[in-house]
**Q** 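Structure below; questions to follow.
In this chain, residues are counted from 1 in sequence order. What you see is a predicted model, and the numbers here were worked out from it, not measured in a lab.
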Amino acid sequence: MSKHFFGDTAVLLGRSLRHISRSPDTIITTAIMPIAMMLMFVYVFGGAIKTESDSYVNYMLPGILLITVASGIAYTAFRLFTDMTSGIFERFQSMPTARSSVLWAHVLTSLIANSISLVVVVLVALLMGFRSSAPVQAWLAVAGILILFTLALTWIALIPGLTAKSVEGASAFSYPLIFLPFLSSAFVPTDTMPGPVRVFAEHQPVTSIVNAIRDLFAQQPVGTDIWIALAWSAGILIVAYVFAMNTYRRRIA
């Protein structure tokens, strides 16, 4: 790793954050869609959905948090695609800049922007009646899971950001990720689903992550869900990181 890596990453991170500060609508847009979903599910569908939780907003908030991340990383792919097509990458290559710092700056920008969106969504959920008596350790565990999940999806987002041929192509990959929580335990118990759908829902990564976060908020034993959630997120992160770095090296070669 270049001795200039951390300094170069910090400079490029500041550049990305300045871009976001000049267009805060990206963070607002990222938070609005999950908040709209939360309002619709709680006040329109919530009364018809039977769960083991007394409060439906408590039940479905973990899924909304994952949707917030999935919608937010579309902007990561968009920002990277914009840099790739604007010629700024070629300028960075002509300077004594650590090459990997360019990608890491986008990753850290995604982490900060998505963290802000998650905080906004949680604050709205509190206004809607979300309550948790979980201790600080449980909240930190939830934050850790969400950070790892955000990092995993961000490295996935870098791949279309590097390879897409259009702005639409760069961000379209996020649509299946946003839809995935609907085929999980995020909004309804999986035992209400028909056979094949239930099998898929119970064995995809979102269900274990949602269940772990829900149990942490409710101060319930998390069992194996938290380890499965961490394994899924870490595995996706490692695979996406390798693919993104290889794609980046081929692109700048």
Side-chain angles (χ1 to χ4, degrees), residues 30-74 114 117-118 121-134 138-139 141-146 148-150 152-153 156 173-236:
T30 299
I32 282 179
M33 185 186 73
I35 289 172
M37 286 185 180
M38 188 162 54
L39 290 169
M40 180 177 66
F41 272 92
V42 171
Y43 295 122
V44 178
F45 303 132
I49 300 175
K50 303 301 181 182
T51 67
E52 67 271 15
S53 176
D54 294 334
S55 171
Y56 187 59
V57 67
N58 282 18
Y59 183 86
M60 52 94 72
L61 179 60
I64 292 294
L65 295 177
L66 299 193
I67 289 177
T68 302
V69 174
S71 60
I73 61 166
N114 279 292
S117 297
L118 289 170
V121 170
V122 170
L123 291 175
V124 174
L126 289 170
L127 293 176
M128 293 173 60
F130 170 73
R131 295 295 181 267
S132 173
S133 57
W139 280 91
V142 170
I145 293 172
L146 290 174
L148 186 59
F149 182 71
T150 301
L153 293 196
I156 291 177
F173 81 99
S174 65
Y175 299 148
L177 298 178
I178 294 173
F179 182 71
L180 204 56
F182 293 97
L183 294 175
S184 73
S185 63
F187 299 103
V188 296
T190 56
D191 56 13
T192 64
M193 301 176 181
V197 177
R198 177 179 178 179
V199 171
F200 174 81
E202 290 180 345
H203 295 88
Q204 60 122 322
V206 169
T207 291
S208 58
I209 297 172
V210 164
N211 289 344
I213 294 175
R214 186 180 292 137
D215 289 339
L216 286 167
F217 278 147
Q219 291 186 277
Q220 298 293 325
V222 293
T224 59
D225 278 323
I226 190 168
W227 302 113
I228 296 173
L230 293 175
W232 268 113
S233 297
I236 294 171

**Q** Can you see which heavy atom on Met37 is nearest to which on Met60, and at what distance?
**A**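 Here Met37 and Met60 meet closest at O-CE, 4.3 Å.
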**Q** If you take all heavy atoms of Ser174 and Ala70, which pair is closest and at what distance?
**A**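 So the two residues come closest at CB-O, 3.7 Å.
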**Q** Would you find more than 12 non-hydrogen atoms of other residues, nucleotides or ligands less than 6.0 Å from Trp139 atom CH2?
**A** yes
**Q** Please examine the side chains of Ile73 and Ile156, heavy atoms only from C-beta on, and report whether any two atoms are closer than 4.5 Å.
**A** no
**Q** Do Pro181 and Val210 come close enough that some side-chain heavy atom pair is under 4.5 Å?
**A**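 Of all side-chain heavy-atom pairs linking Val210 with Pro181, none is under 4.5 Å.
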**Q** Whether the side chain of Asn58 engages the backbone of Ser132 through a donor-acceptor N/O pair (distance < 3.5 Å, no angle test) should be reported.
**A**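 No; judged by distance alone, with no hydrogens or angles, the pair does not exist.
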**Q** Taking the six-membered ring for Trp, are Phe41 and Phe187 parallel (under 30°), tilted (30 to 60°) or perpendicular (over 60°)?
**A** parallel
**Q** Provide the closest heavy-atom pair for Ile145 versus Ala212 in the form atom of the first, atom of the second, distance.
**A** CD1-CB, 4.3 Å
**Q** Closer than 3.5 angstrom, by distance alone: can the side chain of Ser233 be matched with the main-chain N or O of Leu230 as a donor-acceptor pair?
**A**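 Pair absent, no side-chain N/O of Ser233 close to backbone of Leu230.
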**Q** Measure the CG-CD1 distance between Leu127 and Ile35 for me, rounded to the nearest 0.5 Å.
**A**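 So the CG of Leu127 and the CD1 of Ile35 are separated by 9.5 Å.
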**Q** Side chain to side chain contact (heavy atoms under 4.5 Å, CB included), that's the test. Do Val121 and Leu61 meet it? Break it down for me.
**A** CA-CA 9 Å; Val121 170; Leu61 179 60; 4.2 Å; yes
**Q** Taking all heavy atoms of Gly223 and all of Ile226, pick out the closest pair and write down the distance.
**A**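 Heavy atoms only, the tightest pair is O-CG2, 3.8 Å.
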**Q** Nearest 0.5 Å, what's the CG-OG1 distance between Leu180 and Thr207?
**A**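 Reported value, rounded in 0.5 Å steps: 8.0 Å.
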**Q** Between Ile67 and Phe182, does the side chain to side chain contact (heavy atoms under 4.5 Å, CB included) criterion hold? Intermediate values first, please.
**A** CA-CA 9 Å; Ile67 289 177; Phe182 293 97; 4.0 Å; yes
**Q** Can a donor-acceptor pair be found, under 3.5 Å and without considering hydrogens, that links the side chain of Glu202 to the backbone of Thr190?
**A** no
**Q** Might you point out which heavy atoms bring Ser184 and Ala201 nearest each other, and give the distance in Å?
**A**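 Taking Ser184 first and Ala201 second, the nearest heavy atoms are CA-CB, 4.0 Å.
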**Q** Would you call Tyr43 and Met128 a side-chain contact if the rule is heavy atoms closer than 4.5 Å?
**A** yes
**Q** Could you tell me which non-hydrogen atom of Met38 sits nearest to which non-hydrogen atom of Val124, and how far apart they are?
**A** CE-CG1, 4.0 Å
**Q** Could you walk me through whether Asn211 and Ile228 satisfy the side chain to side chain contact (heavy atoms under 4.5 Å, CB included) test, starting with their C-alpha distance in whole Å, then the side-chain angles of each, then the deciding distance to 0.1 Å, before giving a yes or no?
**A** CA-CA 10 Å; Asn211 289 344; Ile228 296 173; over 6 Å; no
**Q** Test side chain to side chain contact (heavy atoms under 4.5 Å, CB included) on Asn114 and Leu153 and set out the steps.
**A** CA-CA 11 Å; Asn114 279 292; Leu153 293 196; over 6 Å; no
**Q** Please confirm whether the backbone N or O of Ser185 pairs with a side-chain atom of Arg214, one donor and one acceptor, at under 3.5 Å?
**A** yes
**Q** Tell me, do Leu66 and Phe149 make a side-chain contact under 4.5 Å, heavy atoms counted?
**A** yes
